[in-house]
Participant: 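One structure coming up, written as structure tokens, with questions to follow.
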Amino acid sequence: MKVTYKILRFDPEKDKKPYFKDYDVEVEPTDRILDGLNIIKWYQDSTLSYRRSCAHGICGSDAMEINGVNKLACKVLIQNVGSHITIKPIRGLRVIKDLIVDMEPFFEKYRSIKPYLINDDSLPTHERLQSVEDREIFDDTTKCILCASCTSSCPSFWWNSMYLGPSALVQAHRFIFDSRDHGADERLEIVNDLNGIWRCRTIFNCVDACPREIKITKAIEELKRALLHKHL
Amino acid sequence: MWKKTTFSVGGRAKPAGGFEMYSWYFMRISGVVLLLMALGHLFIMHVYFNVDEMVNWDGVGAAEFVKQRFEGIGWRAYDFILLTLALFHGLNGIKWLVDDYVHSKCWRLFLVSAIYTLAFIFYVVGSIFLFSYNA
Amino acid sequence: MHLDLTHLGKKVLDEKLPDITDFVRTYLGIDPSVNPVPIQPTAHYTMGGIPTDVDGRVIMDEKNTPLPGLYAAGECATVSVHGANRLGTNSLVDLVVFGRRSGKHAALYVKNTDFIPLPKKPEDGIQATISDLYSGTGTESVAKIRLELQNDMMDNASVYRNQKMLINAKNKLLELKKRYKNIALGDKSKQFNMELFEALELGFLLELASVLVESAVNRTESRGAHYREDFSKRDDTNWLKHTLAYKAGDKIDFRYKPVVITKYLPKERKY
Ligand SMILES: Cc1cc2nc3c(=O)[nH]c(=O)nc-3n(C[C@H](O)[C@H](O)[C@H](O)COP(=O)(O)OP(=O)(O)OC[C@H]3O[C@@H](n4cnc5c(N)ncnc54)[C@H](O)[C@@H]3O)c2cc1C
Ligand code: SF4
Ligand code: FES
């Protein structure tokens, strides 16, 4: 089938402002949006730039705004979008080139919640075991692939880029509720900030955007409740 | 590396004591209480005793009704709590809006001060009226 | 060909194989708990390539001489724990065990080593490669050559191989390498030039494909993941040895390193 990609282009070496460019592409209905982008890049216009790697929703590198909604280009089939496909870079982060945005502020926030095991106990002789029930508590938030779909769809983040954003909070949840980790207090205080968890306005855009179907707002509410329990 | 100042307004370290947490908690609790109290107010004023019907051309009926209500301390307390919660819930909501939309340090300082000043004035005027009303 | 998972039931599939189940639902529109899933071969793992010792030090020759300061661990490294075929789920050994060992050893090495003087212009080589790519005015495109490379390797050098196929592949590679010299970039920008990156990558892919194909031509036996239709048996007398490939101009030199057998003997695969 023939589809039209309308892509927001921007080359920092040439353009003052981003502009839309149209491409007609011959694809299968079961192709991914990413397949169409590849066809354009490889056979029509090799200057088109975007990030992609795994092509099956695992690496989190190709989040973009597809017909107004944040999605991974590799996880959406063309038949589910239709023949007019408008693509823009994700919002709230500086555009470097075409669909490539500067992810550094996003990863800086990720690093700020200390996304690694904190446990000063003496080294165990075997694995740190965990019951099925204990693992269940944070199972959902282990699924995050750091694609930034959520954070860049969050109005609170658009309004104020200092906000930690849903993704960093999901990652904080992943460690705070892990029974093997001892850094919960430390991390709870990091998110206990005007620009931390309290900037979440429960808008739910993140939940709609997440390609891993993580119940992000639920995780954030659990963090809020954990903070209340800790302080009240 | 996370630095304490990285994510705080205007580069200041975040205030100790977690004001934002209490503010959020206050919004939740006051929201629920306000809903119940507002429904109570609505029921009493407009369903059980229909104030609108009492109003005649000079408003005497309604004034008479309020006078009766305020004879005991109970209703004054009810209205005082309603005033307190509604005022601070509303103004805290506006402060959130300022937090979200106003990025300039000066404007933010000005608006937040204005909100607190307004809150103070309304609170004092409302309280004086409630407790000194002597019809 | 289909894979039938329906006997596992929805609950087990969702809990134990959530990703695979999701792929099948997303890309094929099939519920694997209800219908069988069509399958096909794909390249899912690179079985090492850079020979190392157990501390991740890259070795240069048959005598296991380490190349000072160069380490490799993970999917790119051959520590030789897996034999001639890495079995499912076992690659974590390379990351968790040998990644850790390499890191520790590298840290120790750095502590006890001083900087050596750099050659005059160390960046010259790669800069020349890049500027050649930028200034190329040929008629070939990166994407077209890569597609032909992929098809050729899939058809002639994948799961089942024989002499004829491999020679075909070898000849095709010669042709592709020649055409690669004649590519032109459509994107001349300096920032995030993904086409330049793909072009560089393609050059390396062509070299690696040659190593793979030529060593497969040489190895007249079947072992692990290398299956020759014309030599379907393992031949320990002649081929119980590792292949080492050296770049010699446009050609590849092959040398061989003996296999050290410790606890486990090589065995025929019976499944
Ligand atoms: C679909 C799939 C399923 C798998 N399932 C399993 C399983 O269940 N169990 C199991 O044990 N193994 C599994 N594996 C294999 C295992 O996941 C990999 O072998 C392992 O993750 C490889 O880790 P690595 O660190 O060696 O390499 P990678 O994780 O590939 O890391 C290489 C890194 O190098 C970076 N890089 C590349 N080029 C450059 C450059 N020029 N400059 C700087 N950086 C560069 C890349 O961006 C990447 O981050 C699976 C593999 C796949 C593809
Ligand atoms: S929570 Fe979901 S949307 Fe957000 S970064 Fe993780 S995977 Fe992406
Ligand atoms: S390319 Fe990896 S998630 Fe889409």
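Residue numbers start from 1 in every chain, and the chains themselves are labelled A, B, ... in the order their sequence lines are given, proteins ahead of strands.
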Participant: Charged N to carboxylate O under 4.0 angstrom, C:D187 versus A:K97?
Facilitator: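 The answer is yes: the pair qualifies as a salt bridge.
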
Participant: For the residue pair A:W42 and C:K144, establish whether any side-chain heavy-atom pair is separated by less than 4.5 Å.
Facilitator: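 In short, these two side chains do not touch, never coming nearer than 4.5 Å.
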
Participant: Could you name the residues of residues 129-138 of chain A that have a heavy atom within less than 4.5 Å of a heavy atom in chain C?
Facilitator: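 Checking residues 129-138 of chain A against chain C gives no residue, so none.
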
Participant: Identify which part of C:L147 has an atom lying under 4.5 Å from any heavy atom of chain A, answering side chain, backbone, both or neither.
Facilitator: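 Side chain only.
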
Participant: Got more than 12 heavy atoms from elsewhere within 6.0 Å of NZ, A:K143?
Facilitator: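 Yes, the 6.0 Å shell around NZ holds more than 12 heavy atoms from other groups.
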
Participant: Can you tell me if A:H182 has over 12 outside heavy atoms packed within less than 6.0 Å of its NE2?
Facilitator: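 Result for NE2/A:H182: enclosed.
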
Participant: Might you confirm whether atom CD of A:Q79 has over 12 heavy atoms from other residues, nucleotides or ligands at distances under 6.0 Å?
Facilitator: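 Check passes, neighbour count above 12.
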
Participant: Got a sec: does the CG of C:N112 have more than 12 other heavy atoms crowding it under 6.0 Å?
Facilitator: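 Atom CG in C:N112 is packed in, count exceeds 12.
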
Participant: Should the pair A:R212-C:D19 be classified as a salt bridge under the 4.0 Å nitrogen-to-oxygen rule?
Facilitator: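 Answer for the salt bridge query: yes.
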
Participant: Just how far is it from atom CZ of A:R51 to atom CZ of C:F192, taken to the nearest 0.5 Å?
Facilitator: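 So the CZ of A:R51 and the CZ of C:F192 are separated by 4.5 Å.
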
Participant: Around C:K188, counting heavy atoms of other residues, nucleotides and ligands shown, do more than 12 lie under 6.0 Å from its NZ?
Facilitator: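 Yes - once you tally the heavy atoms of other residues, nucleotides and ligands closer than 6.0 Å, there are more than 12.
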
Participant: Please tell me if the side chains of C:T26 and A:R32 come closer than 4.5 Å, counting only heavy atoms from C-beta onward.
Facilitator: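 With C-beta onward as the side chain, the pair stays apart.
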
Participant: Measure distances from A:Y50 to the heavy atoms of chain C and classify the residue's part below 4.5 Å as side chain, backbone, both or neither.
Facilitator: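 It is the backbone, since no side chain atom gets that close.
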
Participant: Going by residue number, which parts of residues 5-23 of chain A are within reach of chain C, meaning a heavy-atom gap below 4.5 Å?
Facilitator: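 Result: A:D11, A:P12, A:E13.
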
Participant: Need one label for A:I58: side chain, backbone, both or neither, based on atoms under 4.5 Å from any heavy atom in chain C.
Facilitator: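 Interface part for A:I58: side chain.
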
Participant: Could you measure the distance from the OG atom of A:S46 to the CE atom of C:M194? Nearest 0.5 Å is fine.
Facilitator: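 So the gap between those two atoms works out to 12.5 Å.
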
Participant: Counting only non-hydrogen atoms closer than 4.5 Å, does C:F23 touch chain A with its backbone (N, CA, C, O), its side chain (CB onward), both, or neither?
Facilitator: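 For C:F23, the side chain is the part near chain A, not the backbone.
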
Participant: Please report the interatomic distance CG(C:L28) to CG(A:L77), rounded to the nearest 0.5 Å.
Facilitator: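 So the gap between those two atoms works out to 9.0 Å.
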
Participant: Begin with the C-alpha distance, continue with both residues' side-chain angles, and end with the deciding distance and a verdict on side-chain contact (heavy atoms from CB on, under 4.5 Å) for C:D22 and A:K75.
Facilitator: CA-CA 10 Å; C:D22 176 49; A:K75 273 208 97 174; 2.4 Å; yes

Participant: Measure the CD-CD1 distance between C:Q191 and A:I100 for me, rounded to the nearest 0.5 Å.
Facilitator: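 It comes to 10.0 Å.
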
